[in-house]
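These notes are about the structure you will find just below.
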Amino acid sequence: MQQEYEAAAVERAAQDYWLKNASFAAEPADGRGADRETFYCLSMFPYPSGKLHMGHVRNYTIGDVIARVQRMRGYQVLQPMGWDAFGLPAENAAMDKGIPPGKWTRDNIDAMRDQLQRLGFGYDWSREFATCDPSYYRWQQWFFLRLWEAGLVERRNAVVNWDPIDQTVLANEQVIDGRGWRSGALVEQREIPQWFIRITDYADELVDDLDQLEGWPDAVRTMQANWIGRSRGVEIDFGLADRDTHLRVYTTRPDTLYGVTYMAVAPQHPLAREAAAGDPEVARFIEELQRSATSEAALETAEKRGMALGIDAIHPLTGARIPVWTANFVLMAYGAGAVMAVPAHDERDHAFAHAYGLPIRSVIGADASGPADISDAAFTERGVLHHSDAFSGMDSATAFEAIAQHLTEAGQGRVRINYRLRDWGVSRQRYWGCPIPVVYCEDCGAVPVPDDQLPVRLPEDLTPDGSGNPLAKDPDFLHCDCPRCGKPARRESDTFDTFIDSSWYFARFASAFSNQAMLDDGARRWMPVDQYVGGVEHAVLHLLYARFFTKLMRDQGLLDCDEPFKRLLTQGMVVAPTFFQEGGDGRRRWFNPLDVQLQRDERGAVLSATAVADGSAVQVGGIEKMSKSKNNGVDPQAMIDAHGADAVRLFMMFAAPPDQSLEWSDAGLEGASRFLRRLWRQVHDHLARGAVSTPPSLDSDAKALRRQLHETLQKIDADVTRRQVFNTAVAACMELLNAVSRVDQDNAAMHAVVRETLEALVRVLSPITPHIAHALWLALGHDTPVIDAPWPQPDPGALEADEVTLVVQVNGKLRGRITVPANASQDDIIARATADEAVARHLGGQPLRKQIVVPGKLVNLVV
RNA sequence: GCCGGAGUGGCGGAAUUGGUAGACGCGCCGCACUCAAAAUGCGGUUGGGCAACCAGUGUGGGUUCGAGUCCCACCUCCGGCACCA
């Protein structure tokens, strides 16, 4: 056995072994493991951009560690991998490099699969698929048609970013400061017909079931609940002066109804359109409002602007005339696309009223003494009503019900549950996506493609040119016969939002071999996913859509679970320092962290940085997410080549808890590599001492090491399985190895305890650094691989201690330490504590006012 | 703007239920080994002070015998905002 640790050879040997034995097949042909309980561990599949980045490595290392631990704990584990292969970057690559998106994507997949294998992840590769495989998207089209039959699909108009020069729809990402990214043209809002899936039908269930998701971070559950935004309010119909129609608004604050001083409607609201038709000034204004990006962030941060429409509404209770305005902060997609404005009790209405000189009428006060002073800011809390006729004096909650009842009886309103959540627009005017299986016929309208004609295949040889969707210009794709009447018809050229692709892939992995159905028994057996791992940035959209699709699949009889992911771990970003030099023109030239040398003072604080290449001074920027634009990305492959996959995996798990951002550090990686070499050496030095003999009894040093071992096992088990923090588990392993390096193994009892310790260490480290553990486990004399060894359990007998050390505080300040028998009484402890020399000095002979004893931890004496 | 999160030594981070602040690692300093360097090993490392001790977890208040942890107000940074994935 070699004395030097050589990562490359060790890793190749382990990977060859796993591959040859199909070690990670979830359901092996020989049936092994079939009697075990199942555990489905899934990491979010990657977009095949071409190369793994550190974020991927982190994500998949976390998932692999969890999967390997559960396997050792006795579960039959499924850990699959695949590719989220549709999306914009393939179209961009096609435009930049002239490579067809399909070829670009599949080449990328091959490169990234190879990288994943070199990291030693224990995937069941037999289940691999890409979402751009017709055998996958075929079932997505099929499922869409089932949803259509179930009345959950609609076609209606929606707003998109329109680039008037390139004549194309832009993604929000492609809009930069309100302009198209390629043309530089001012983006406009344009309405086009699109397909929608009625997620709002499931809004109640999606919010209610969040309570079941005990294995999810609270922050994610809160964000989803806020996103769905269920509220109880009142829908109020305001009459319109001089016409027989009305203006419908929704409010959660009917108690402020007497404070309404104007109405505001979205620029797309029918009333605004009507006013625009009769007044060119309004028309121009609305057109101007539409000249902006569609993202909510853009709309909400835009300057608040509005214009009176010259239409009056009638207050339903007072009969007063109220001017109707149109304003850019009212969203057509929320509620009725119109609001009653109460500037006294709403911040935004308040600011708007100030800007446009609209009246402000305070009708709520903190108490019965009078309405709140709203000269500086709105009073937005609930309180007591004033100047509100018969409702004056009521508190807000009572008034809510009373006013709602009054309006209901008068036929002017009704209580309504409303959601912030909007139906899911799934049409995209893009080429590289799953075709929507619909045909348009002059006579029959929109017709579903019959099941036996699925899949509607995406032609893979088209080249986008930046001006619209090439599918819409491809006669071979476009022209077809109407499936219903046979007349010449036109195929839908929009493709699905790629979020659909990722809303059911987890179920398909469990049914990966099914040719005859979207899902088979495998999905019922493996679903729900026991552990899902992925980036926080998916906390709302992807995770909400996946939950929604799970409920849809359940209601179609395809699944029997309500939720897709039992436990969720949202991992933080990988960040790195940035370095740059500023040129004469103010442009920054960014340096990769690996190309920079740091100068430090004698304490180790960074003073300055220079370029490795020529020694010129480089400025130190902030610590930011790894990105191409800041050139602070570190290529995982180079790190694996230099230090090995195990060192990279170990560093990733050690440098930060999984849900926090992780700062890349070259030196930290070297530290991880050092630890592995030390472990290798300790094991081989130990083995060189020969066979272990079982001693009749342990001396106190051997007992102490053994206690530390089992305390560490207890801690690691809790860290890894319950808390899911791996950095502290690794730290505990490091401490344990440090302890081993300090003991004297000439002592036979100690030699035996060291063997026990090293065997346990190799096992608990094996999920994180599986290759070196594979080699060391065999070196320790085992003939089955460490992946089949059981997860070590702490021995309760080894944990018992005779004495404990307590901290003694006087008035909450640390003044001393005492060691007492583990079973000492409270009186004994106080007596020992007051006898301590330093403690006695601080007590100064004063009588004890209070004494607090926390068993096993501390004593606090108060004087 | 709205929603969510974070802020602790020179740096990454630890402190699990309100109970020893700084585990573990990096960096830095010193020593050993070496002709020398690298590698490796050993020791030190929050700040101030000779010490006793004092101060200290973004800022300002509060609750408590005791606060990094709980409460109130604020500051800064990060993530999401429905067509990036």
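Letters A, B, ... are given to chains in the order of the sequence lines, protein chains preceding strands, and every chain is numbered from 1.
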Here the pair of heavy atoms bringing A:Gly534 nearest to A:Met44 is CA-SD, 3.5 Å
Notebook entry, point to check: Using the C1' atom in both, what is the distance from B:G43 to B:U59, to the nearest Å?
Noted result: 39 Å
A:Gln224 atom CD is separated from B:A82 atom C1', nearest whole Å, by 13 Å
B:G49 to B:A55 separation - P atoms, rounded to the nearest Å
16 Å
So what does A:Ser295 touch, heavy atoms closer than 4.0 Å: a base, only the sugar-phosphate, or nothing?
sugar-phosphate
Exercise. Between A:Asn172 (side chain) and A:Thr294 (backbone), is there a donor-acceptor pair under 3.5 Å?
Worked result: no
With the side chain defined as heavy atoms from C-beta on, A:His842 is closest, among B:G41, B:G1, B:C53, to B:C53
Check whether any side-chain nitrogen or oxygen of A:Arg420 sits under 4.0 Å from OP1 or OP2 of B:C2, and answer yes or no.
-> no
Between A:Glu173 and A:Val540, whichever has its closest RNA chain B nucleotide further toward 5' is A:Val540
Query raised in the report: What is the nucleic acid contact for A:Arg815, judged by heavy atoms within less than 4.0 Å: base, sugar-phosphate only, or nothing?
Result: sugar-phosphate
**OP:** State whether A:Asn172 places a side-chain N or O below 4.0 Å from either non-bridging phosphate oxygen (OP1 or OP2) of B:C81.
**Re:** no
query = Taking the same atom, C1', in B:C74 and in B:C83, what whole-Å distance lies between them?
reply = 37 Å
Using a cut-off of 4.0 Å on non-hydrogen atoms, how would the nucleic acid contact of A:Leu421 be classed: base, sugar-phosphate, or nothing? base
Practice prompt. Would you indicate what A:Val160 reaches in the nucleic acid, counting non-hydrogen atoms under 4.0 angstrom: base, sugar-phosphate, or nothing?
Written response: base
Protein and nucleotides 9-17 of chain B: nitrogen or oxygen contacts under 3.5 angstrom:
residue	atom	partner	partner atom	Å
B:G12	O2'	A:Ala655	O	2.8
B:G13	OP1	A:Ser661	O	3.4
B:G13	O3'	A:Asn727	ND2	3.3
B:A14	OP1	A:Asn727	ND2	3.1
B:A15	OP1	A:Arg723	NH1	3.4
B:A15	OP1	A:Arg723	NH2	2.8
B:U16	O2	A:Arg722	NH2	2.9
B:U16	O4	A:Lys715	NZ	2.7

Give A:Gln429 one of three labels, base, sugar-phosphate or nothing, depending on what nucleic acid heavy atoms sit under 4.0 Å from its own. base
In whole angstroms, the gap separating C1' of B:G19 from CG of A:Leu814 amounts to 11 Å
Close aromatic pair by centroid cut-off 6.0 Å: A:Phe496 and A:Trp195:
no
Whole-Å distance, A:Leu858 CG to B:G18 P, equals 15 Å
**OP:** Report yes if at least one side-chain N or O of A:Arg674 is closer than 4.0 Å to OP1 or OP2 of B:G27; otherwise report no.
**Re:** yes
Would you indicate, yes or no, if B:C26 has its OP1 or OP2 atom less than 4.0 angstrom from a side-chain nitrogen or oxygen of A:Ser665?
no
Notebook entry, point to check: Given A:Arg422 and A:Thr200, is the side chain to side chain contact (heavy atoms under 4.5 Å, CB included) satisfied, shown in steps?
Noted result: CA-CA 6 Å; A:Arg422 317 200 285 258; A:Thr200 50; 5.6 Å; no
Item to check | Side-chain donor/acceptor of A:Gln809 to base of B:C65, under 3.5 Å | outcome: no
Whole-Å distance, A:Tyr334 OH to B:A82 C1', equals 15 Å
Whole-Å distance, A:Glu300 CD to B:C81 P, equals 14 Å
Under a 3.5 Å cutoff, is there a donor and acceptor pairing between the side chains of A:Asn418 and A:Ser231?
no
Practice task
Please check if the side chain of A:Trp227 supplies one atom and the backbone of A:Leu541 the other of a donor-acceptor pair under 3.5 Å.
Solution key: no
Note to self: Suppose you measure atom P in B:A67 against the same atom in B:G58; what distance do you get, rounded to whole Å?
What the structure shows: 15 Å
Check: Which value, in whole Å, describes the distance between the P atoms of nucleotides B:A73 and B:U17?
Finding: 25 Å
query = Is the shortest side-chain N to carboxylate O distance from A:Glu837 to A:Arg841 below 4.0 Å?
reply = yes
Please assess A:Arg156 against A:Asp423 for the test side chain to side chain contact (heavy atoms under 4.5 Å, CB included), listing each intermediate value before the final yes or no.
CA-CA 11 Å; A:Arg156 56 175 190 250; A:Asp423 278 330; 3.1 Å; yes
* Using a cut-off of 4.0 Å on non-hydrogen atoms, how would the nucleic acid contact of A:Trp424 be classed: base, sugar-phosphate, or nothing? -> nothing
A:His56 NE2 to B:A85 C1', in whole Å, measures 9 Å
Winner on side-chain proximity to A:Asn161, out of B:A85, B:G19, B:C83, is B:C83
The nucleotide from B:U20, B:C42, B:A23 with an atom nearest the side chain of A:Val807 is B:U20
Exercise. A:Glu303 near the nucleic acid: base, sugar-phosphate alone, or nothing, with a heavy-atom cut-off under 4.0 Å?
Worked result: nothing
Expected label for B:G7 (glycosidic angle, syn inside 90° of 0, else anti) would be anti
Margin query: By the 4.0 Å heavy-atom rule, please label A:Arg678 as base, sugar-phosphate, or nothing.
Written below: sugar-phosphate
A:Asp666 atom CG is separated from B:G25 atom P, nearest whole Å, by 19 Å
Between A:Val854 and A:Met223, the residue closer to the 5' end of RNA chain B by nearest nucleotide is A:Met223
Item to check | Pair A:Lys715 + A:Glu735, salt bridge at N-O below 4.0 Å | outcome: no
Using a heavy-atom cut-off of 4.0 Å across all strands, would you classify A:Met573 as base, sugar-phosphate, or nothing? sugar-phosphate
Worksheet item: Would you say the side chain of A:Asn860 and the base of B:C65 hold a donor-acceptor pair, judged only by whether the two atoms sit under 3.5 Å apart?
Response: yes
- Query: How far does the P atom of B:A51 sit from the matching atom of B:U64, given to the nearest Å?
  - Reply: 37 Å
### Message
Does a side-chain N or O of A:Lys813 approach OP1 or OP2 of B:A55 to a distance below 4.0 Å, or not?
### Response
yes
| message | B:U40, OP1 or OP2 - any side-chain N/O from A:Arg677 closer than 4.0 Å? | response | yes
Practice problem: Using the C1' atom as the reference point in each nucleotide, state the distance between B:G22 and B:A14 in Å, no decimals. | Solution: 7 Å
Considering only heavy side-chain atoms of A:Ala731, the closest of B:A23, B:C53, B:G41 is B:A23
Under 3.5 Å, is there a donor-acceptor pair linking the side chains of A:Ser183 and A:Asp163?
yes
Does any N or O in the side chain of A:Gln660 come within less than 3.5 Å of the main-chain N or O of A:Pro657, such that one atom is a donor and the other an acceptor?
no
For RNA chain B, consecutive-pair runs of 3 or more (Watson-Crick or G-U wobble, both H-bond-type distances under 3.5 Å) give B:1-7 with B:75-81, B:10-12 with B:24-26, B:27-32 with B:40-45, B:46-48 with B:53-55, B:58-62 with B:70-74
Under 4.0 Å between a side-chain N or O of A:Asn226 and OP1 or OP2 of B:C81? no
Whole-Å distance, A:Phe499 CZ to B:G80 C1', equals 11 Å
Exercise for the section: Please check if atom CG in A:Asp601 has more than 12 non-hydrogen atoms from other residues, nucleotides or ligands closer than 6.0 Å. Expected result: yes
Is a side-chain donor-acceptor pair under 3.5 Å present for A:Asn469 with A:Asp494?
no
| query | B:G9 and B:G25: how far apart are their C1' atoms, nearest whole angstrom? | reply | 14 Å
